[in-house]
Protein chains: 2
Amino acid sequence: MNDNIAVIELTAATLRFLDQTRLPAEAVMVETTDHRVMLDAIRRLQVRGAPLIGIAAAYGVTIAARERLSETGGDDASFQSALLTVCDAFAATRPTAVNLFWALARMREIIARPLSPEMLTTELEREARAIHADDALRCGAIGRHGAEIIPAGAGVITHCNSGALATGGDGTAFAVLLEAHRQGKNIHVYADETRPLLQGARLTMWELQRNRIPATLITDSTAAMLMRQGRVLVAITGADRIAANGDAANKIGTYGLAVAARHHGIPFYIAAPFSTVDLSLPTGESIPIEERSGEEITRIRDIALAPDGSDTYAPAFDVTPAELITGIVTERGIITPPYTETLRSLHP
Amino acid sequence: MNDNIAVIELTAATLRFLDQTRLPAEAVMVETTDHRVMLDAIRRLQVRGAPLIGIAAAYGVTIAARERLSETGGDDASFQSALLTVCDAFAATRPTAVNLFWALARMREIIARPLSPEMLTTELEREARAIHADDALRCGAIGRHGAEIIPAGAGVITHCNSGALATGGDGTAFAVLLEAHRQGKNIHVYADETRPLLQGARLTMWELQRNRIPATLITDSTAAMLMRQGRVLVAITGADRIAANGDAANKIGTYGLAVAARHHGIPFYIAAPFSTVDLSLPTGESIPIEERSGEEITRIRDIALAPDGSDTYAPAFDVTPAELITGIVTERGIITPPYTETLRSLHP
């Protein structure tokens, strides 16, 4: 962020994070020593964004270690198994973003070391901070690589939020917009509001405003019309999981945006670090898609938007097939089709 | 409607209409003798839907005649010019739906007759009632013709509201769904919520529920995913204006839905009476598109959905080019491409 609001921060005493459900009305920091608060925050999308929930889970495991250490004073034969259970709890919060499982795998490797509870706690904190710092570096690299695909003066459309509020740094797709803006490319961003939870309206517009990037908010269903009008030259979004063949899961509506881009001959890019790539899944068909409560569609706070008893279908994500993706902007450069070989060879 | 709620009704004393902005929370009838209340209701979308605003304007001119007649007692040399000014005011409420101008043209023809204020008032009332009754008949015919395109057991997607709340009868696209349901075709409707004003969630779901048609509410951007999953076999919407070549303006998001339908090989239909067809416009490019206040996107009641000062683009409609339209369901049958000759030859 270009200001003093930390999205997530581990201090010597507590874990602090920005409650994103309160934005844009207010920027409220939550401060806790209880890893269950972090679990709940991830479930309730107070903290969201594929890279960020990986970081949040790593910090959550860290404060769980601190809790346990302070309770037991270090004399604790089941320290490791208890922390593995905490990892399981974080893994069960949200199913789609693979960064969560990737970060937890790193934490589990630490937990498996034959160290004392005190030393493990120190190591877990170090690892969580490394995951965070590492993501910030990846964001920077994604921004620099991705800025190349943004023509000067271009209208660029994005969906959901992929900025500082979704990552450990400047973002993924958002970092590309930010870098193009910083390079003086005079871009104009069109932000899809991103129903039902309005991450585009609430979060992306907030970040665009804070970074003084010229931007216009639209409803999701206005994107196709904008493309037909020639006001958009590039579409770019983040991703929650990328399969080995390049199929990419991202916020519901991304697929429709990619279909519209293809219809209008507009390039459609995904921007994501390699922590989002899941080589264990051959295609996007096997990516688990989280289904959310229908109330996310039928209510806003206490206002009913639909009749009581309305049946709903509320997937949080959809999958954009690789054939609709012009390129994947990663921290190691821009990958173009066919994706399978390149993703495999660049994967760490 | 299958119940006792009148959407709009002229009684001997007043004009009554359902305030659609209060749905689904409450079904509030507004009763007035003041045509300016009707003007405001159309502007504020308390009464909306292309055919219905034509009917509402016709009734509005009728109560304006009653007002004037009761004020002047019939001794009124400027009765006709005053009513033409009222017609102008109704014509200025909303620019896109041509049914409004079509209905007002019928009222203006009556006003031009060399009759006394009292006789003109009677004739205007008769004409307004004829416009209403005529639309109800058209709805029925559209339903019967359109039901043929709905396969048994089909998932059908629609956008916005095109039912009894939008017309003088059972609706346009909605009448097709209703008739297919009544024929026992066992259909399942997917209703786009239709941001920003949520006519799909608030109004179409309400009508589907009242008619006991199995239905699921989705966000607009979920439509493409549903199509990819094979859960939708037909897409059908109403229209606000159809140009001579078949290009059709309808609620924002209709174009994106048509693009997605084409991508998935799903037929996309428009259903509308001939009062929606404007042969004076060669293509959809000349259809005036109403732009609404950005607050329709950035706020729901007193809840801010985006940061203060967010720039917005809020067109109320988009235009779907004829080449994406599989057929136009009218009261005279289903018209298929090329549209120009058939629209011209069937137009009354």
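Below, read A as the first sequence line, B as the second, and so on, with proteins coming before strands; counting in each chain starts at 1.
Neither the backbone nor the side chain of B/Leu197 comes within contact range of chain A; no heavy atoms are under 4.5 Å apart. Interface remark: B/Pro196 contributes backbone and side-chain atoms alike to the contact with chain A (heavy atom separation under 4.5 Å). When heavy atoms are compared at a cutoff of 4.5 Å, B/Leu226 approaches chain A solely by way of its side chain, counted from C-beta outward.
Scanning both residues, B/Ala224 and A/Gly256, for their nearest heavy atoms gives CB-CA, 3.6 Å.
Of all the listed residues (A/Arg228, A/His263, A/Arg202), the one sharing the greatest number of non-hydrogen pairs under 4.5 Å with chain B is A/Arg228. Heavy-atom pairs under 4.5 Å with chain A peak, among B/Ala260, B/Ala25, B/Ala215, at B/Ala215. Counting heavy-atom pairs closer than 4.5 Å to chain A, the top-ranked of the candidates B/Ile218, B/Leu208, B/Thr222 is B/Thr222.
To the nearest 0.5 Å, atoms OG (B/Ser221) and CG (A/Leu257) are separated by 9.5 Å.
Every residue two or more places apart in sequence or in another chain that forms a side chain to side chain donor-acceptor pair (under 3.5 Å) with B/Arg94 is listed here: B/Glu290. Listed by chain and residue number, nothing satisfies the ring pair (Phe, Tyr, Trp, His ring centres under 6.0 Å) test with A/Tyr269 (two or more places apart in sequence, or in another chain).
No more than 12 heavy atoms of other residues, nucleotides or ligands lie within 6.0 Å of CZ in B/Arg44, so this atom counts as exposed by the packing criterion. The number of heavy atoms from other shown groups lying within 6.0 Å of CD (B/Glu323) is above 12.
Put simply, the side chain of B/Thr320 does not reach to within 4.5 Å of the side chain of A/Met225, judged on heavy atoms. You'll find the side chain of A/Thr219 stays beyond 4.5 Å of the side chain of B/Asp220, heavy atoms only.
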Check: residues 300-313 of chain B side-chain donor-acceptor pairs under 3.5 Å, at least two apart:
| unit_1 | atom_1 | unit_2 | atom_2 | d |
| --- | --- | --- | --- | --- |
| B/Ser310 | OG | B/Pro307 | O | 2.7 |
| B/Asp311 | OD2 | A/Thr216 | OG1 | 2.5 |
| B/Tyr313 | OH | A/Gln229 | NE2 | 2.9 |

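Using non-hydrogen atoms only and a strict 4.5 Å limit, the part of residues 246-255 of chain B facing chain A consists of B/Ile252, B/Gly253, B/Tyr255.
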